[in-house]
Number of protein chains: 2
Amino acid sequence: MSAIPRPVPPSAEPKAPQPAGTGLLFLREEEIRLAQDLLFFAYRDFTNAADVILEELELGRAHHRALHFIGRNPGITVSDLLVLLRITKQSLARVLSALIERGYVAQTPGSADRRQRLLALTASGAALERRLFERQRDCLAAAYREAGGPAVDGFRRVMRAIMNESARAYLDRAGTRATRSGGR
Amino acid sequence: MSAIPRPVPPSAEPKAPQPAGTGLLFLREEEIRLAQDLLFFAYRDFTNAADVILEELELGRAHHRALHFIGRNPGITVSDLLVLLRITKQSLARVLSALIERGYVAQTPGSADRRQRLLALTASGAALERRLFERQRDCLAAAYREAGGPAVDGFRRVMRAIMNESARAYLDRAGTRATRSGGR
DNA sequence: TAAATACGTCAACAACGCTGCCGGAAAACC
DNA sequence: GGTTTTCCGGCAGCGTTGTTGACGTATTTA
């Protein structure tokens, strides 16, 4: 068993009889297919970086995502968190109640609207989130170092362009929270 | 209910009393946290692009991933596909048997090693994969146009650097398959 | 007061991961 | 040539994380 699959024989048949002069189109397609691979592998290995810690605490990636967004948005409401994660109330409830039960997340009634339960990390929740963060940070920092500053800028531009409008809007507003950088 | 969560009040407490002069470190951390968000949202919306088609065919994302890698590696063995997807034999078997049952994937015994079942897309499988591909292509092509050529190069560099060694090696070998570009 | 909203919860279900075990065919080894 | 290993398929069972739909309660709003 090879740890790394072979490239597969150069495919004897040209599959689709391309019209002459499609060189550019073909390259374009291969570019896109490469991007599919890049997104799959990078996301897989990036999320994987935190799995060791999660496993020993009997938590899953869903818990990690919740911790991440609560940590980044202390005082967020449940319904806003639902919109961010794009999951249903039920899915979140399960994850959230586990986090609250273990003392990683605290909820306080909203001062303006007392129906709301504002979510925030407890001290131990923040500590856990930091451990998870550092794993992924190491992975990303190494990648940034290797790729270089200009590449990082391009990376951000493309990633941002891939996501839809509401996600971009969130990033814009989130960017004004911690740093004062504003719109890039 | 806001379609887009608010940025959350600028967090009255400075949470951790940072030692003076950590401006650069703080920026660094915010950079990494931004990247976490970018990966989450971009991957989510990118994979989401194909979901409409999958849903009407009663297929899932796991089926899409299998179609993608079989399409890109016609004649791949089951065990090599397992390594690529990083799932267990059982998980793949379920997905694969569904695809074979519906006539999207064909398996032929290996010529060198007749224990192997070499996997390839059928005509209808290739057609389906193309439909799925085109959805994601549209998403990516728009992003590439918007971000510009140099950004795309940076994107590729960073994504590649994020993934682990075996995934990079796969990309290198896959790159020599369709195009003759070799090492970028 | 009536309606809408924010949140929690229960039931049931589906997709997609996992482990462990068994079996058959073919290859590889001695 | 016989043993072992490998490649693959199948079965049983389970866990996580997503889904829908319905109902209840507190609170705000019209």
Side-chain angles (χ1 to χ4, degrees), chain A residues 1-3 5-6 40 43-44 47-48 50-51 54-68 70 75-102 105-119, chain B residues 1-3 5-6 40 43-44 47-48 50-51 54-67 70 75-101 105-119:
Chain A
M1 178 203 305
S2 57
R6 313 138 222 152
F40 173 73
Y43 189 78
R44 184 193 68 176
T47 55
N48 215 283
D51 281 355
L54 292 172
E55 197 168 355
E56 80 187 24
L57 292 180
E58 312 244 65
L59 296 175
R61 291 181 187 171
H63 301 90
H64 186 189
R65 286 192 289 273
L67 283 174
H68 169 77
I70 295 173
I76 192 175
T77 66
V78 172
S79 54
D80 280 352
L81 188 52
L82 285 177
V83 173
L84 269 188
L85 294 171
R86 286 252 200 102
I87 57 178
T88 57
K89 203 170 39 161
Q90 265 325 300
S91 298
L92 180 58
R94 225 170 0 214
V95 167
L96 212 48
S97 58
L99 291 175
I100 292 171
E101 201 172 304
R102 301 189 195 194
V105 169
Q107 42 185 358
T108 59
S111 49
D113 185 338
R114 300 216 318 280
R115 289 172 303 181
Q116 298 177 336
R117 268 82 159 188
L118 305 186
L119 304 170
Chain B
M1 175 202 307
S2 57
R6 313 137 225 156
F40 174 73
Y43 189 77
R44 185 194 66 177
T47 55
N48 216 286
D51 280 354
L54 292 172
E55 197 169 354
E56 80 187 23
L57 293 178
E58 312 245 65
L59 295 174
R61 291 183 187 168
H63 301 91
H64 185 190
R65 286 193 288 273
L67 284 173
I70 295 173
I76 192 175
T77 66
V78 172
S79 54
D80 280 351
L81 188 51
L82 285 177
V83 173
L84 270 188
L85 294 171
R86 285 253 200 100
I87 56 177
T88 58
K89 201 173 41 162
Q90 268 323 303
S91 299
L92 180 57
R94 222 172 3 213
V95 168
L96 213 47
S97 57
L99 292 175
I100 291 171
E101 201 173 301
V105 169
Q107 44 185 358
T108 58
S111 49
D113 186 337
R114 300 217 317 282
R115 287 170 306 182
Q116 297 175 337
R117 269 83 158 186
L118 306 186
L119 304 170

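What you see is a predicted model; the values in this text were computed from it and never measured. Here is the naming used below: chain letters follow the sequence lines, and residue numbers restart at 1 for every chain.
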For the pair made of [atom1] in [X] and [atom2] in [N], what is the distance, rounded to whole Å?
{"X": "B/D51", "N": "C/dA14", "atom1": "CG", "atom2": "C1'", "value": "15 Å"}
{"X": "B/L96", "N": "D/dG9", "atom1": "CG", "atom2": "P", "value": "7 Å"}
{"X": "A/Q107", "N": "D/dA26", "atom1": "CD", "atom2": "C1'", "value": "14 Å"}
{"X": "A/E101", "N": "C/dG8", "atom1": "CD", "atom2": "P", "value": "14 Å"}
{"X": "B/L59", "N": "C/dA15", "atom1": "CG", "atom2": "P", "value": "10 Å"}

Q.
Between D/dT6 and B/R115, counting only base atoms on the nucleotide and side-chain atoms on the residue, is there a donor-acceptor pair under 3.5 Å?
A.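 Flag set: donor-acceptor pair detected.
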(Q) Does A/L119 form a side chain to side chain contact (heavy atoms under 4.5 Å, CB included) with A/L96? I'd like the steps, not just the answer. (A) CA-CA 10 Å; A/L119 304 170; A/L96 212 48; 3.8 Å; yes
For [X] and [N], is the shortest distance between a side-chain N/O and OP1 or OP2 below 4.0 Å?
{"X": "B/H63", "N": "C/dA15", "answer": "no"}
{"X": "A/R114", "N": "D/dT27", "answer": "yes"}
{"X": "B/S79", "N": "D/dC8", "answer": "yes"}
{"X": "B/Q116", "N": "D/dT6", "answer": "no"}

Q. Per the side chain to side chain contact (heavy atoms under 4.5 Å, CB included) rule, which among B/T77, B/L85, B/V78 passes with B/L81?
A.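 Output: one option passes, namely B/L85.
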Q | Exam field: side chain A/R65 to backbone B/F40, donor-acceptor pair closer than 3.5 Å | A |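 Not at all, since once roles are kept as given, no pair shorter than 3.5 Å links the two residues.
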(Q) Both A/E58 and B/R117 contact DNA chain D. Which one's nearest nucleotide lies toward the 5' end? (A)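 Comparing both residues, the 5'-ward one is B/R117.
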Q. With nearest nucleotides of DNA chain C determined for A/D113 and B/R61 from heavy-atom distances, which residue corresponds to the more 5′ nucleotide?
A.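 The residue mapped nearer the 5' terminus is A/D113.
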Q: Please work out if B/A112 contacts a base, only the sugar-phosphate, or nothing of the nucleic acid, heavy-atom cut-off 4.0 Å.
A: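 The answer is sugar-phosphate, as B/A112 gets under 4.0 Å only of primed atoms, P, OP1 or OP2.
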Between the protein and nucleotides 18-21 of chain D, list the N/O to N/O atom pairs that are separated by less than 3.5 angstrom.
| residue | atom | partner | partner atom | Å |
| --- | --- | --- | --- | --- |
| D/dG18 | OP1 | A/R65 | NH2 | 2.7 |
| D/dG18 | N7 | A/R94 | NH2 | 2.3 |
| D/dG18 | O6 | A/R94 | NH1 | 3.1 |
| D/dT19 | OP2 | A/T88 | N | 2.5 |
| D/dT19 | OP2 | A/T88 | OG1 | 3.0 |
| D/dT19 | OP2 | A/S91 | OG | 3.4 |

